Chemist: 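I'd like to ask some things about the structure below.
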Amino acid sequence: MYQGGALQPAGNRFIQNQPPSVNIANNSNYRIYYYYNALAPEEDPFYVTGQVIKSPVSISSECSGRGGRGFNNALAQYDEWNMEYESWLTKLLATEVGSEEYHIILGEVSYYSALKDNYFNSIVVAAMNDGEKGENLRYLFSYRGNYTDHLSIVETYLAESRYEEALATLATMYHQFEISEEQILELQGMATYINWLQRLEAEENTIYSLSDNEIEYLVNYVETNTGRGTVFAKNILCVLYDICLEDENPIPTDPKDQTEEPTVTTPLPINNSELLDRISVTPNPTTGELRVESGALRVESVDVFDVFGRNVSRLTSHIPHPLSIDLSHLPSGIYFVRITTETGTVVRKVVKQ
């Protein structure tokens, strides 16, 4: 159904100025969305006819290159299996439900569905180890382009604190997919979560130093929303503040439980002004290595978190002084270094270039 895409044209080339007798026609009952390089006249599908929606894009493409960014061969294999899946699915829809042939075709549909998506996910995992993780993942998710892929694109923007791009991606999903009422609630909840992150940033605050009011807000958000945004919020509450909320509220066994107000754990005090002056984390921004100096203070543990509250590095024993932390294996973005000493805790925001 899709030939090429908005990020990478199909790459086919045509002999121009030929008579209509050499038309390439789509005689199927399905539309084809064809993306071609508007800057290359030989890629203009002028004589392609039938149910073809022709979309020019101002991005160049090598002939036969449908992947780009070093993923050409891998995505070509994915496309091959995806075409098999689409072919068998078309046959399934035209076959009598419950017949022997129907069950045979259904087996092929299931086989190629699992094969193509498992293979594609393996490409995603490989891309996560690349230095251009965010761009590569966004490219791949756009290439496959389903609803959950677009949510994953939103997640990559959040990892880089690019909130406006994340919100813009959410906005396009309302028009790009036939979404259910449940999915609408999920998108609205995600937008609310992103707006909350934006407000924290505007107030020069972080998820690592939330006030009691902010924690109560986050608890209420989890209880009144659904989807990925609530997963992120639960991670923040549980990992950083020991408030681990269940997916469903347990049924009270005692009537008095129905009237009790939920208790909120106050976070441990951090960023003591005295400690801020005694502990340094340099250089910031960094291309990979961080140096932590704490003077005469004994450091008990050092944790590095991403913007989702996930612990990406931890050191709890045999901590040298001064300490060097290697972030070279992590993608570019914003991280938080939490340094716990014998007298308190400090959180430093760092930028990995």
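Throughout, residue positions are numbered sequentially from 1 according to the sequence presented. Bear in mind that the values here come from a model prediction, so they are computed numbers and not experimental data.
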Chemist: Taking only residues two or more places apart in sequence, or in another chain, which ones meet Arg162 in a salt bridge (Lys or Arg N to Asp or Glu O under 4.0 Å)?
Modeler: Glu135, Glu160, Glu165

Chemist: Checking Glu164 now: which residues fulfil side-chain hydrogen bond (donor to acceptor under 3.5 Å, both in side chains) with it, not counting sequence neighbours?
Modeler: Gln198

Chemist: Side-chain donor-acceptor contacts of residues 87-97 below 3.5 Å, not counting sequence neighbours, with atom names and distances?
Modeler:
unit_1 : atom_1 : unit_2 : atom_2 : d
Trp88  : NE1    : Glu84  : OE1    : 3.4
Thr90  : OG1    : Glu86  : O      : 2.9
Thr95  : OG1    : Lys91  : O      : 2.6

Chemist: If a pair satisfies salt bridge (Lys or Arg N to Asp or Glu O under 4.0 Å) and one of its residues is in residues 97-122, list it, with sequence neighbours excluded.
Modeler: Asp117-Arg144

Chemist: I'd like to check the side-chain hydrogen bond (donor to acceptor under 3.5 Å, both in side chains) partners of Asn118; sequence neighbours left out, ordered by chain and number.
Modeler: none

Chemist: Who passes ring pair (Phe, Tyr, Trp, His ring centres under 6.0 Å) against Tyr147, sequence neighbours left out?
Modeler: none

Chemist: State which residues pass side-chain hydrogen bond (donor to acceptor under 3.5 Å, both in side chains) with Ser324; sequence neighbours excluded, sorted by chain then number.
Modeler: Glu289

Chemist: Can you name the residues that form a salt bridge (Lys or Arg N to Asp or Glu O under 4.0 Å) with Glu214, not counting sequence neighbours?
Modeler: Arg199

Chemist: Sorted by first residue and then second, give each disulfide (SG to SG under 2.5 Å) pair with at least one member in residues 323-353; sequence neighbours left out.
Modeler: none

Chemist: Tell me every residue that passes salt bridge (Lys or Arg N to Asp or Glu O under 4.0 Å) with Glu293, counting only those two or more places apart in sequence or in another chain.
Modeler: Arg291

Chemist: List the residues meeting side-chain hydrogen bond (donor to acceptor under 3.5 Å, both in side chains) with Glu201, not counting sequence neighbours, and say none if there are none.
Modeler: none

Chemist: Got a sec, which residues hit side chain to side chain contact (heavy atoms under 4.5 Å, CB included) with Ser110, two or more places apart in sequence or on another chain?
Modeler: Leu106

